[in-house]
Amino acid sequence: MGSAIFLLVSLLSLVFPHYIFHGQPYIFVTGDPNLIQKTCKSTKYYDLCLSSLKSVPTSVSADTKGLAVIMVGVGMANATDTSSYLSSQLLSTTNDTILKKVLKECADKYSYAGNALQASVQDLAAESYDYAYMHITAAADYPNACHNRFKRYPGLIYPPDLARREDGLKHICFVLLGIIDLLGS
């Protein structure tokens with residue numbers, strides 16, 4: 001968990017270096033101490049939203065857009081972790097070439113999901129909420145493509161751990177879509 005928070009802060013500093021390091025309040029502002037709860041109530045997965053945002057110390061001083069960016073970081077960490085997990089499975093898999101091919105394609109899909117989430121950060125910064133919504137929807141759909149790859153080969157079983165990870169990324173994306181609905185209204 002600590003490495004995920006470090007990754008999130010690192011990503012935020014890369015995306016918004018002049019805002020974070022030059023003291024201009026763009027994402028992180030002093031605001032409503034109940035904003036996290038209010039924001040999470042507008043999402044499909046309140047508990048996931050609340051626990052994810054509260055695990056990042058800077059979320060207490062973030063505005064709604066900042067909370068969205070923090071959740072994007074959570075989603076990117078999930079997608080990256082899943083892609084790495086799948087890549088490690090490639091190394092430990094026997095000589096089943098079909099399984100290796102599917103695992104490689106799935107690792108790529110989760111990498112694409114992370115890229116789509118990264119693009120949404122830029123959209124959020126530009127207040128292009130429709131584009132952010134589109135990128136986050138794409139990120140939520142990439143795991144479906146992975147799941148469908150397993151379905152194409154009757155002998156392959158979709159791993160339960162991967163199903164759990166798929167649900168996790170989708171739920172994070174649904175939380176993000178709820179936050180973007182607030183921003184766009």
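This structure is a prediction, so every number in the text was calculated from the model and none was measured.
- Taking both residues in full, the closest heavy atoms of Cys40 and Leu53 are given as SG-CD1, 3.8 Å, listed atom of the first, atom of the second, then distance.
- When side chains are defined from C-beta on, Lys101 counts as touching Arg149, because their heavy atoms get closer than 4.5 Å.
- Residue Leu182 is not grouped with residue Tyr131 when hydrophobic side chains (ILVMFWY) are merged at heavy-atom distances under 4.5 angstrom, including chains of intermediate members.
- At a threshold of 4.5 Å between non-hydrogen side-chain atoms, the residues Tyr133 and Asp181 count as touching.
- Between Lys109 and Glu105 there is no salt bridge, since none of the side-chain N atoms of the basic residue sits less than 4.0 Å from a carboxylate O of the acidic one.
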Quiz prompt | Chi angles and distances behind the side-chain contact (heavy atoms from CB on, under 4.5 Å) call for Thr137, Leu177 | solution = CA-CA 8 Å; Thr137 301; Leu177 294 175; 3.8 Å; yes
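- A salt bridge links Arg164 to Asp161: at least one charged side-chain nitrogen sits closer than 4.0 Å to a carboxylate oxygen.
- For Ser52 against Val74, the heavy-atom pair with the smallest separation is OG-CG1, 4.1 Å.
- Nearest heavy atoms, Leu169 versus Pro143: CD2-CG, 3.8 Å.
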Self-check item: Asp123/Tyr129 under side-chain contact (heavy atoms from CB on, under 4.5 Å): CA gap, chis, key distance, verdict
Solution: CA-CA 6 Å; Asp123 299 331; Tyr129 301 125; over 6 Å; no
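- Rounded to the nearest 0.5 Å, atoms NE2 (His147) and CG (Asp167) are 9.5 Å apart.
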Exercise. Would you please test Thr82 and Leu162 for side-chain contact (heavy atoms from CB on, under 4.5 Å) and show each step?
Key: CA-CA 8 Å; Thr82 302; Leu162 189 52; 4.0 Å; yes
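- Through side-chain heavy atoms spaced under 4.5 Å, either directly or across other Ile, Leu, Val, Met, Phe, Trp or Tyr residues, Tyr112 is tied to Tyr142.
- When only modelled atom types and interatomic distance are considered, Asn144 and Asp141 share a side-chain donor-acceptor pair under 3.5 Å.
- Leu117 approaches Cys173 most closely through the heavy-atom pair CD2-SG, 4.3 Å.
- At a threshold of 4.0 Å, the pair Asp96-Lys100 does not count as salt-bridged, since none of the basic side-chain nitrogens sits closer than that to a carboxylate oxygen.
- Here CG of Leu183 is found 6.0 Å from OG1 of Thr64. Values are rounded to the nearest 0.5 Å.
- Side-chain heavy atoms closer than 4.5 Å link hydrophobic residues (I, L, V, M, F, W, Y) into clusters, and following such links, even through other members, never connects Leu176 to Met134.
- The line from CZ of Arg165 to OG of Ser83 is 10.5 Å long, rounded to the nearest 0.5 Å.
- Of the candidates Leu67, Leu35, Val69, Ser59 forms a side chain to side chain contact (heavy atoms under 4.5 Å, CB included) with just one, namely Leu67.
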Exercise. Go through Ile179 and Val175 one step at a time and tell me if the side-chain contact (heavy atoms from CB on, under 4.5 Å) criterion holds.
Key: CA-CA 6 Å; Ile179 296 172; Val175 166; 4.1 Å; yes
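- From Thr39, atom OG1 reaches atom CE of Met71 across 11.0 Å, with rounding to the nearest 0.5 Å.
- The CG atom of Leu48 sits 7.5 Å away from the OG1 atom of Thr43 when rounded to the nearest 0.5 Å.
- The line from CE of Met76 to CG of Asn115 is 8.0 Å long, rounded to the nearest 0.5 Å.
- Lys65 places a side-chain heavy atom less than 4.5 Å from the side chain of Glu127.
- Between Ala62 and Ile70, the shortest heavy-atom distance links the atoms CB-CD1, 4.3 Å.
- A perpendicular orientation is assigned to the rings of Tyr158 and Phe150, their planes being inclined by more than 60° (bins at 30° and 60°).
- Nearest heavy atom pair, residue Ala79 against residue Gly114, reads CB-N, 3.8 Å.
- No donor-acceptor contact under 3.5 angstrom links the side chains of Tyr46 and Gln37, judged on distance only.
- Counting non-hydrogen atoms of other residues, nucleotides and ligands closer than 6.0 Å to OH of Tyr45 gives a total above 12.
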